[in-house]
Engineer: 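Dumping the structure here so I can ask a few things about it.
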Amino acid sequence: MNNIPKYDPAAVETKWQRHWNENHSFAAEKSHDKPKFYPLIEFPYPSGAGLHVGHPRSNTAMDIIARKRRMEGYNVLFPIGYDAFGLPTERYAIKNHIHPSIVTKQNIAHFHAQLQRLGFSFDYDREISTTDPKYYKWTQWIFLKLFEHGLAYKMEMPINWCPTCKVGLANEEVINGKCEKCGGEVVRRVKSQWMLKITEYAQKLIDGLDDVDFIERVKVQQRNWIGRSEGAEVDFHLSSGDALTVYTTRPDTLFGATYMVISPEHPLIESRKELIKNYDEVVAYREAAARKSDFERTEMNKDKTGVAIDGITATNPVTGTQIPVWVSDYVLMGYGTGAIMAVPAHDERDWEFAKKFDLPIIEVVAGGNVNEAAYTDIQDGVLVNSEFLNGMKVAEAKRAIIDYLVSKGIGHRKINFKLRDWVFSRQRYWGEPIPLVKCPCCGWVALPYDQLPLELPEVESYEPTDNGESPLAAMTDWVNTTCPKCGGPAQRETDTMPQWAGSSWYFLRYIDPFNDSELASMEEMKYWLPVDWYNGGMEHTTLHLLYSRFWHRFLYDIGVVPTPEPYQKRTSHGMILGGDGEKMSKSRGNVINPDDIVDKLGADAFRLYEMFMGAFDQAIPWSTEGAQGCRRFLDRVWRMMEFMTDEEGISEDMKYDVHACIKKVGEDYERMKYNTAIASMMSLVNGFYAKGSVTRGEMRVLMQLLNPVAPHITEEINELCHLNDCELIRNAWPAYDESALVKATVEIALQVNGKVRGRMDVPADLTREGASEYFLALDEVQKLIAGKPVKKLIFVPGRLVNIVV
RNA sequence: GCUGAAAUGGCGGAAUCGGCAGACGCAGCGGACUUAAAAUCCGCUAUUCGAAAGAAUGUACGGGUUCAAGUCCCGUUUUCAGCACCA
């Protein structure tokens, strides 16, 4: 072809982006005739810093799938929105005296422009923001439904308080005793908080995992976080006359229970203080434990401490032995019953404690050496010193002892979860107001649904307060209202919802974003749900991903949504690190700004590099030279126009390579092996260069394969060369021809005693049966074995032949 | 501490089922083009020995199974991630 213009990414990309925008090229079709496909990326938080190089990794990956599905004939909904409530915006607003809603608007505009510049095929017509009252009307609506069903409750409780952010945090937001957002030390603070009963859904959230296609580590992490365990509750009779109930997963070891431990906060200490001779000592221990921060508690978890209660003993219900009761902070009030039976022979913590305080250790499961270490194996151990359990395996003994406890009325089967309820209120301005009022006569009363949305009022100051009150509390005009039930004076809740509220259901709103009478129409949801493929960060596994599954399952239970699970498939991308292999951060000075790369190399090269740099699910250091190499590849693709011939078909000598590439690229995109898909296209292009020519037919296929990754340049080449009479995005995905993948001869390796001695071409249809005769007749084979007797000949068709002499 | 994943050239990585280790890219070296440089195109590029043909070694380390091991088994080291007294 003559008159090839120079490749100018900026011009080409602007042109096609405008074209797509004007034509709404990626708007999901209203009709439900076609099969649907709903891919989703986690909607970004529109920070002032703009897009990070991490965003395009996930976005491009799903964009490739979305674009491929459109070519395959699906009706695709690939939406975008903004998770815009949150602390950084509020902080910026406070510092610069701008209303957070204005900051949010500016940041969203910036993000929108950056996303468009990267050519993502989002349906921008459905763009949403969680801060839009038309949106958060429905976030509040869902909260009221939870409240109505008894799943939201307010409770005075010690919470995780971040003194830097001046806000309470959910358990999921505390990482190693530090605040997830600012890294500051988290302290305990007693506050009255709204809680959501996610624990009621613990079992459903575990069971639901069986029916979805999530990558294994996500399932494992969610299961561990929910932490289901099966065991029994057993009552121990105390000398005080009380029954002390413990939870244990090892009821089979009951005969080995040589002492008991209650947590320092256990109510028994107060209710029986008159019997406790060393009450002062116990209280001093409790206070010392309370002063320990979470950090100290975990740091010191190897060194056990405790105090024996003087004055109360317990009776082991099966042996009748009197055993002591201790207080120790290795037993937590928040799990089980806050009390345990200690079996030092078969529990590591109890073993350590018993060694330190010289308490008896009785072996009841044979198989280890309990003087050396606790024996915790539950597979092979056999019960001993346990009367009627003797000789049984652990699993059998568990069943037998529970039956016994039930028959005596002193115990029963019990399932426990580590999952805690979700702390749902935040003492902040920039969040969804909680639509409840407190009435002195009626208690907490829900706002009627027709009064939603309850909009955020304008306030003078968004500053959080040190006393733990939301800035809204100072707005007396807004706070003082009337009770919707009795009409008397009442006050609004002034805490707001956490950032996780708006993101717990946003994928539903995309389906029907302008609906003012429902959160989304059932008919539309029946067509679009569930989300077919959701890619996002591992850091959200026990936060957003779990929370949104909980909300969705609740909405399903009350008949609002048609599917029990929101997401069919979940994958996760690896982080992009700085060039030094460290996490990108301003302080390290290794941050790469996507805009700079797009300016220098173009969006297509940037997208291509983000997909080519390495395995999609692994952390990869950034390399600007590597990105440059991807730009070089696109330059080479562009220059292929110089030697393109007018032939429409695929030339005979390239047939195998072209069809193998179609197969490879299609399969690799689906498996998120973008790096090898791109490598195979690079090899194909190298082949055309080696040959010095490419046909129009070959060019057409290459453009179709490359289009999902590099949509602008391929569209431009398609137009310049009139490869198709329509845009590539309206093209069908190419199919490969099985017969073209069959070769007449294949190159195999020739091994002698397992060592490669050469390569040779053999007929592709050579079978194992004919192999021996075929190979031993060859001169080169005879030369290599040099007359030695052949012991064995192994032939793997298409791979190698190995002659053992 | 427990659990899980991983370790491959100078670098990022590839090798789908136990079957030719190092695809593809980066960096480097050489050549062509050019007054020159850049760009581009072509070639080389795991290590050691060798002029070459070739040979030996080689996928964190030590063993093992197999005709054949990056891949499977046992042990060790290191790195990363998750959980962190959940009875």
Engineer: Below 4.5 Å, heavy atoms only, C-beta onward: do A:Gln222 and A:Thr541 meet side chain to side chain?
Structural biologist: yes

Engineer: Measure the distance from CE on A:Met575 to P on B:A81 and round it to the nearest whole Å.
Structural biologist: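 Going from A:Met575 (CE) to B:A81 (P), I get 8 Å.
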
Engineer: Closest approach to the side chain of A:Glu625, judged atom by atom: which nucleotide of B:C20, B:A27, B:C67 is it?
Structural biologist: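 Per side-chain heavy atoms of A:Glu625, the pick is B:A27.
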
Engineer: Roughly, in whole Å, what's the span from NZ in A:Lys6 to C1' in B:U40?
Structural biologist: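 Going from NZ in A:Lys6 over to C1' in B:U40 covers 12 Å.
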
Engineer: Closer than 4.0 angstrom, basic N to acidic O: yes or no for A:Lys663 and A:Glu667?
Structural biologist: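 Result for this pair is yes, salt bridge flagged.
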
Engineer: Since syn is defined as within 90° of 0, does B:C83 count as syn or as anti?
Structural biologist: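 Anti, angle beyond 90° from zero.
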
Engineer: Look at the side chain of A:Arg671 and decide which nucleotide, out of B:U40, B:C24, B:U16, has an atom nearest to it.
Structural biologist: B:U16

Engineer: In the strands shown, is B:C83 matched to any nucleotide by a Watson-Crick or G-U wobble pair with both distances under 3.5 Å, and which?
Structural biologist: B:G1

Engineer: Taking the C1' atom of each, how far is B:G31 from B:C80, in whole Å?
Structural biologist: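 Per the computed distance, 44 Å lies between those C1' atoms.
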
Engineer: Checking all strands, does A:Ser623 fall into the base, sugar-phosphate, or nothing category for heavy-atom contacts under 4.0 angstrom?
Structural biologist: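 Nothing: the residue A:Ser623, judged by heavy atoms under 4.0 Å, touches no strand.
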
Engineer: For A:Lys691, look at atom NZ and say whether over 12 heavy atoms of other residues, nucleotides or ligands are found less than 6.0 Å away.
Structural biologist: yes

Engineer: Who does B:A36 pair with, Watson-Crick or G-U, both distances under 3.5 Å?
Structural biologist: none

Engineer: Expressed as a whole number of angstroms, how long is the span from A:Glu348:CD to B:C85:C1'?
Structural biologist: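 Answer to the nearest Å: 11 Å.
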
Engineer: Starting the side chain at C-beta, find the nucleotide from B:G12, B:C85, B:C20 nearest to A:Pro621.
Structural biologist: B:G12

Engineer: Using purine N1 to pyrimidine N3 plus N6-O4 or O6-N4 for Watson-Crick, or N1-O2 and O6-N3 for G-U wobble, both under 3.5 Å, which nucleotide pairs with B:U78?
Structural biologist: B:A6

Engineer: Students often get this wrong, so: under 4.0 angstrom with heavy atoms, is A:Tyr689 touching a base, only sugar-phosphate, or nothing?
Structural biologist: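 The residue A:Tyr689 makes sugar-phosphate contact but no base contact.
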
Engineer: Give me the residues of residues 334-343 of chain A where at least one heavy atom lies under 4.0 Å from an atom of RNA chain B, by number, or none.
Structural biologist: A:Tyr335, A:Ile340

Engineer: Roughly how far apart, to the nearest Å, are B:U77 and B:C26 at atom P?
Structural biologist: 40 Å

Engineer: Establish, from distance only, whether the side-chain atoms of A:Thr199 and A:Asp421 form a donor-acceptor pair under 3.5 Å.
Structural biologist: yes

Engineer: Please check if any side-chain donor atom of A:Thr60 sits under 3.5 Å from a side-chain acceptor atom of A:Tyr674, or the reverse.
Structural biologist: no

Engineer: At 4.0 Å (heavy atoms only), tell me whether A:Gln618 reaches a base, stays on the sugar-phosphate, or touches nothing.
Structural biologist: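 A:Gln618: no heavy atom of the nucleic acid under 4.0 Å.
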
Engineer: Closest to the A:Lys673 side chain: B:A27, B:A68, B:A15?
Structural biologist: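 The closest nucleotide is B:A15.
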
Engineer: May I ask you to test the A:Ile226-A:Leu546 pair for a side-chain heavy-atom distance under 4.5 Å?
Structural biologist: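 Yes; the side chains approach each other to less than 4.5 Å.
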
Engineer: Can we say A:Asp635 and A:Arg631 salt-bridge, meaning some charged N sits less than 4.0 Å from an Asp/Glu carboxylate O?
Structural biologist: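 Salt bridge present between A:Asp635 and A:Arg631.
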
Engineer: Would you say A:Arg799 places a side-chain N or O within less than 4.0 Å of OP1 or OP2 belonging to B:G18?
Structural biologist: no

Engineer: Looking at A:Arg757, I'd like to know whether one of its side-chain N or O atoms comes within less than 4.0 Å of OP1 or OP2 on B:A55.
Structural biologist: yes

Engineer: Please measure how far the C1' atom in B:U8 lies from the corresponding atom in B:C2, and state the result in whole Å.
Structural biologist: 29 Å

Engineer: Quick one: the side chain of A:Arg636 and the base of B:U40, do they pair up donor-acceptor inside 3.5 Å?
Structural biologist: no

Engineer: Roughly how many Å is it from NZ in A:Lys792 to C1' in B:U66, rounded to a whole number?
Structural biologist: 9 Å

Engineer: Does the B:C85 base have a donor-acceptor partner in the side chain of A:Lys304 within less than 3.5 Å?
Structural biologist: yes

Engineer: Could you tell me the Watson-Crick or G-U partner of B:G22, where both distances fall under 3.5 Å? Say none if there is no partner.
Structural biologist: none

Engineer: Looking only at side-chain N and O atoms, does A:Ser229 come under 4.0 Å of OP1 or OP2 in B:A87?
Structural biologist: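 For B:A87, OP1/OP2 do have a side-chain N/O of A:Ser229 under 4.0 Å.
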
Engineer: Can you check whether A:Asn802 has a side-chain N or O nearer than 4.0 Å to OP1 or OP2 of B:U66?
Structural biologist: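 Answer is no, no contact under 4.0 Å.
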
Engineer: When the P atoms of B:C42 and B:U78 are compared, how many Å lie between them, rounded to an integer?
Structural biologist: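 47 Å, rounded to whole Å.
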
